[in-house]
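Sequence positions, counted from 1, serve as the residue numbers for this chain.
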Amino acid sequence: MAHAILGGTFDPIHRGHVECAVELRQRLGFSRLDLVPCHLPAHRDSPDSSASHRLVMARLATAGIAGVGVDDRELRREGPSYTADTLAELREALGRNTSLTFVMGGDAFNTLQHWARWKSLFEFANVVVMERDGVTCQPAAEVMAYTEPRRVDAETITAQSSGGFARIALRPWPQSATEVRRRLQAGEPLGDWLPEAVLDYIREHRLYL
C-alpha cells in the first residue's frame with residue numbers, strides 16, 4: 001500500500017487539480033491519493049469560500065475517480081493548517097511501514113524554509129515536488145542542502161515509507177483558481193475548466209460573485 005496526499009485551498013477545485021491527482025496516482029503507483037483542503041493557510045491569504053463549501057466541491061470533483069478522494073482532517077482543526085501536524089496524524093494512523101508521500105507545488109517548495117517544522121515532513125513522509133511551466137523551482141540553500149541528498153527517481157518513491165525526495169514534471173494545464181475566480185466574478189466563460197458538478201454548485205450557492 002502506498003498513500004499520498006496533495007494539499008491546497010482548492011478555492012475552487014478545478015480540472016487541473018483533478019487531472020494532476022489522477023496523473024500522480026497513475027505514474028507514481030499510489031494505491032490512494034487524497035486531496036487535503038486546508039482550513040486556514042499559514043502562508044497565504046484566507047480562502048474566498050468557506051471550508052464547508054470547499055469540502056463539498058472537492059468531493060463533487062473527485063466522486064467516482066478510482067483511488068482519488070478527499071481527506072477533511074485539516075478542516076476539522078481550529079486555527080492555521082500545518083502540514084507537519086497532518087503528516088504526523090497520518091503516519092500514526094498508517095503505521096511505520098506504509099509508504100506515505102506528501103505532494104507539493106514548486107511555488108510552495110520555494111518557501112519551504114518558512115513552514116512550521118519543515119524538516120519533520122521527511123520524518124513522516126516522502127516529499128514530491130510538482131514542476132509546472134511558468135514556476136521556477138528556486139528553493140533556499142538550506143532546503144537544497146537538506147533535500148538533494150534524499151533525492152530519488154519519482155517513479156521509485158513508494159519503495160520507501162518516508163524520507164525520500166523527488167521532483168516530477170506533470171502535463172501542463174492552463175487552469176488556476178485565481179483565474180477561475182476572476183472569470184466567475186466577471187461573468188466570463190470558463191469552458192471546461194471546472195467539473196460540471198462543481199460549476200453547478202457554485203451557481204447554486206452564488207459563490208465567487
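To the nearest 0.5 Å, the span separating CG on Leu121 from OH on Tyr82 amounts to 13.5 Å. Within the model, atoms CG of Leu94 and OG of Ser162 stand 11.5 Å from one another, a figure rounded to the nearest 0.5 Å. Going from atom OG1 of Thr83 over to atom CG of Leu112 covers 9.0 Å, rounded to the nearest 0.5 Å. Atoms CG and CD, on Leu87 and Glu92 in that order, are 13.0 Å from each other to the nearest 0.5 Å. Rounded to the nearest 0.5 Å, atoms CZ (Phe124) and CZ (Arg117) are 7.5 Å apart. With rounding to the nearest 0.5 angstrom, the CE atom of Met1 is 9.5 Å from the OG atom of Ser99.
Pairs engaging residues 143-166 under the salt bridge (Lys or Arg N to Asp or Glu O under 4.0 Å) rule: Arg27-Glu155, Glu148-Arg151 [sequence neighbours left out].
A donor-acceptor pair under 3.5 Å is absent between the side-chain atoms of Arg25 and the main chain of Val68, judged by distance alone. The closest donor-acceptor contact from the side chain of Arg171 to the backbone of Glu23 lies at 3.5 Å or more, if one exists at all. When atom types are taken as modelled, the side chain of Asn126 and the backbone of Thr101 share no donor-acceptor pair closer than 3.5 angstrom. Side-chain N or O atoms of Arg32 include none that pairs as donor or acceptor with a backbone N or O of Ala4 at under 3.5 Å. Side-chain atoms of Ser161 never come within 3.5 Å of backbone atoms of Thr98 as a donor-acceptor pair (strictly under, hydrogens ignored). No donor-acceptor distance shorter than 3.5 angstrom exists from the side chain of Thr158 to the backbone of Ala2, with no hydrogens or angles considered. Although no hydrogens or angles enter the test, the distance criterion places no donor-acceptor pair under 3.5 Å between the side chain of Arg54 and the main chain of Ala58.
Side-chain contact check for Val129 versus Ile168: every heavy-atom pair is 4.5 Å or farther apart.
Shortest non-hydrogen contact noted between Arg91 and Ala125 is NH2-CA, 4.5 Å. The nearest pair of heavy atoms linking Ala154 to Ala166 is CA-CB, 3.6 Å. Residues His39 and Gly79 come closest through the heavy atom pair ND1-O, 3.3 Å. The two atoms that bring Thr9 and Pro47 nearest to each other are CG2-CG, 4.1 Å, heavy atoms only. Across Phe109 and Pro139, no two heavy atoms sit closer than the pair CE2-CG, 3.5 Å. Closest non-hydrogen pair, Glu74 versus Pro37, comes out as CB-O, 3.6 Å.
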Criterion salt bridge (Lys or Arg N to Asp or Glu O under 4.0 Å) on Glu123 and Lys119, from CA distance to verdict:
CA-CA 7 Å; Glu123 175 186 346; Lys119 290 181 180 178; over 6 Å; no
Assess the residue pair Phe10 and His17 against the criterion (ring pair (Phe, Tyr, Trp, His ring centres under 6.0 Å)); give the C-alpha distance rounded to whole Å, side-chain angles, the decisive distance to 0.1 Å, and a yes or no.
CA-CA 8 Å; Phe10 304 113; His17 293 132; 4.9 Å; yes
Ile13 and Val18: CA distance, side-chain angles, deciding distance, side chain to side chain contact (heavy atoms under 4.5 Å, CB included) verdict:
CA-CA 8 Å; Ile13 191 167; Val18 177; 4.3 Å; yes
Let's go through Cys137 and Glu131 carefully: what are the C-alpha distance in whole Å and the side-chain angles of both, what is the deciding distance for side chain to side chain contact (heavy atoms under 4.5 Å, CB included) to 0.1 Å, and is it a yes or a no?
CA-CA 7 Å; Cys137 282; Glu131 298 179 335; 4.1 Å; yes
When you look at Leu35 and Asp71, which way does the side chain to side chain contact (heavy atoms under 4.5 Å, CB included) test go after all the steps?
CA-CA 6 Å; Leu35 304 180; Asp71 185 324; over 6 Å; no
Do Leu33 and Leu6 pass the side chain to side chain contact (heavy atoms under 4.5 Å, CB included) test, and can you show the C-alpha distance, the side-chain angles, and the key distance before you say yes or no?
CA-CA 7 Å; Leu33 187 149; Leu6 172 60; 4.2 Å; yes
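Cluster annotation: Val22 and Ile157 are assigned to the same hydrophobic cluster (Ile/Leu/Val/Met/Phe/Trp/Tyr, side-chain heavy-atom contacts under 4.5 Å, transitive). Val127 and Leu170 fall into different hydrophobic clusters, where Ile, Leu, Val, Met, Phe, Trp and Tyr residues are linked whenever their side-chain heavy atoms come under 4.5 Å apart, directly or through other members. Taking hydrophobic clusters as Ile, Leu, Val, Met, Phe, Trp and Tyr residues chained together by side-chain heavy-atom distances below 4.5 Å, Val103 does not share a cluster with Val143. Placement of Leu24 and Ile5 in two distinct hydrophobic clusters is found when ILVMFWY residues are connected by side-chain heavy-atom separations under 4.5 Å, directly or transitively. Both Val36 and Trp115 belong to a common hydrophobic cluster when Ile, Leu, Val, Met, Phe, Trp and Tyr are linked at side-chain heavy-atom distances under 4.5 angstrom.
Taking the centre of each ring, Tyr146 and Trp118 come in below the 6.0 Å mark.
Contact check on Glu89 versus Arg73 returns a salt bridge, with a Lys/Arg side-chain nitrogen under 4.0 Å from an Asp/Glu carboxylate oxygen. Between Asp72 and Arg59 a salt bridge is recorded (basic side-chain N to carboxylate O distance below 4.0 Å).
Under the 3.5 Å distance criterion, with hydrogens and angles disregarded, no donor-acceptor pair is assigned to the side chains of Ser176 and Thr178.
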Donor-acceptor pairs under 3.5 Å, side chain of residues 189-209 to any protein atom, not counting sequence neighbours: which ones?
unit_1	atom_1	unit_2	atom_2	d
Tyr201	OH	His53	ND1	2.7
Tyr208	OH	Asp11	OD1	2.7

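Ring geometry for Phe122 against Phe165 counts as tilted: the plane angle lies between 30° and 60°, on a 0 to 90° scale.
Taking a 6.0 Å sphere around CZ of Arg76, one finds it holds more than 12 heavy atoms contributed by other residues, nucleotides or ligands.
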